[in-house]
Amino acid sequence: MRKRSRVTHLPEVRVPEDNRPLVAPIYQSVKFTFDDVEETLRQWNGQREGYYYSRVSNPTLRQLEIALADLQDRDACLLTASGVAAIALPLLGLLEAGQHVVYFAELYPPTRSLVRRLLGRYGVRSTMLTLSDPDSLERTLATVPTRLVLLESPSNPVLRVVDLERVTAAARRHGALTMLDNTLGGLHNHGRYDVDLYVHSLTKYASGHGDVMGGAVIGRRELVDALRDDAINLGATLDPHAAWLVLRGLKTYFLRWEAQCANALRVAQFLAGRTEVERVRYPGLPADPGHELATRQMDGYGTIVTFDLRDGTDAATRFAEALELFAITSSLGSTESLVVPPALQQPRGLDASQAAWTGIGPGTVRLSIGIEDADDLVSDLGQALARSAANDA
Ligand code: PLP
């Protein structure tokens with residue numbers, strides 16, 4: 001063979017069977033081959049293990065699926081290229097024209113939009129409720145046959161905690177499936193509740209370093225497997241390199257979660273003592289309406305702290321700009337602390353009463369707490385509160 005051919009058909013370097021890498025390698029290959037057609041066909045037909053094309057399956061993705069399903073106490077997981085793809089997939093894969101979905105005003109805005117705009121175009125009916133009126137779910141399920149209830153706990157950004165036992169029991173009684181966006185809840189939480197599908201944005205806590213996007217749908221095998229063909233054909237597959245980065249992030253998941261939850265509690269306690277702050281929402285605070293439920297349902301209260309500044313949007317903008325350790329940007333679960341001021345999170349596409357349901361007011365600020373030193377975070381928040389008030393004078 002000449003160099004031109006040799007360089008495209010390199011000799012394979014094999015690691016001996018008794019000599020394993022400590023860190024699992026990335027299978028950064030789109031294609032996998034067998035020596036003959038018969039074995040390829042057997043793999044296609046599910047008669048033997050193996051891989052053929054990475055949009056269908058890939059060993060690095062398989063490794064991550066196993067890890068995430070285990071964290072969530074289920075036996076199956078399907079990976080997607082982003083968190084919203086993980087939300088969109090069951091909506092497209094489970095629902096038919098004429099069926100009905102219940103969702104909530106407090107949900108992540110693109111989820112609301114997927115239900116209203118995308119599903120609406122395909123003839124799926126929907127009813128939007130508020131998490132702050134739990135009785136309305138029971139009433140709706142009793143009057144409208146419903147295929148799916150979509151929820152988040154704690155909700156983003158105002159951290160309403162949902163009674164999962166009550167909601168899942170109501171859905172089960174009325175023959176509806178439940179899908180919980182558990183991104184804020186954490187990968188290890190809520191597994192003991194009778195939720196049919198969990199979805200996660202892996203962009204947040206799973207990777208933890210703000211450098212990779214991904215999503216996961218987790219549930220019992222037959223339900224997740226029913227979505228696989230649509231997932232393969234829709235093509236929003238996670239790339240093996242992204243899956244490997246998430247696997248790397250997962251190794252420190254509990255360390256980060258615990259450190260960030262402890263920092264968040266410290267920040268919430270600090271903000272609760274400040275006169276500039278009208279209200280702090282953090283389920284870890286005993287005064288929070290979700291405290292009792294979150295204590296029962298969750299291990300750790302989460303790393304988001306949301307609060308309302310008395311002086312409204314302008315003061316909150318000054319506050320966010322005065323912060324030195326917190327970056328003004330979206331997303332959460334990174335090692336760095338982040339801030340979203342009210343000007344960047346006002347509800348869109350909702351009428352006034354629905355917008356009120358979201359709980360986002362003119363002074364609502366969302367903090368995502370990182371792993372910095374808690375004293376530094378508190379002193380940064382203190383100086384920014386002082387500066388935003390001083391500028392008002
Ligand atoms: N669900 C929640 C609760 C989120 O906060 C986000 C992103 O902020 C998503 C889903 C979407 O995730 P991604 O950005 O990975 O698509």
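Treat the numbers as computed from the prediction; the structure is a model and nothing was measured. Both ligands and their constituent atoms are indexed starting at 1 by order of listing. For the numbers below, each heavy atom of this structure counts, side chains included, while hydrogens, waters and symmetry mates do not. Quick note: residue numbers are just sequence positions, from 1.
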In the protein, which heavy atom is nearest to [atom], and how far is it?
{"atom": "atom 9 (C) of ligand 1", "result": "Tyr108 CE2, 3.3 Å"}
{"atom": "atom 13 (P) of ligand 1", "result": "Gly83 N, 3.4 Å"}
{"atom": "atom 5 (O) of ligand 1", "result": "Asn156 ND2, 2.9 Å"}

State yes or no: are the ring centers of [X] and [Y] separated by less than 6.0 Å?
{"X": "Tyr103", "Y": "Tyr108", "result": "no"}
{"X": "Tyr205", "Y": "His200", "result": "no"}
{"X": "Phe254", "Y": "His188", "result": "yes"}

Pick out which of [options] makes a side chain to side chain contact (heavy atoms under 4.5 Å, CB included) with [X].
{"X": "Leu367", "options": "Val340, Leu271, Leu377, Ile304", "answer": "Leu271"}
{"X": "Asn156", "options": "Leu184, Asp181, Thr306", "answer": "Leu184"}
{"X": "Leu91", "options": "Ile87, Leu94, Leu89", "answer": "Ile87"}
{"X": "Leu150", "options": "Leu114, Val199, Thr111, Leu177", "answer": "Thr111"}

Got an N/O contact under 3.5 Å between Val84 and ligand 1? yes

Using a plain distance cutoff, I'd like to know if Thr203 has any nitrogen or oxygen under 3.5 Å from a nitrogen or oxygen of ligand 1. yes

At under 4.0 Å between heavy atoms, is it the side chain or the backbone of Val199 that contacts ligand 1, or both, or neither? neither

Specify side chain, backbone, both or neither for Asp181, according to which of its non-hydrogen atoms lie closer than 4.0 Å to ligand 1. side chain

Identify, by atom number and element, the atoms of ligand 1 in contact range of Ile87, meaning under 4.0 Å from any of its heavy atoms. 10 (C)

Give the numbers and elements of all ligand 1 atoms closer than 4.0 Å to a heavy atom of Ser82. 15 (O), 16 (O)

Check whether any heavy atom of Lys204 sits under 4.0 Å from an atom of ligand 1. yes

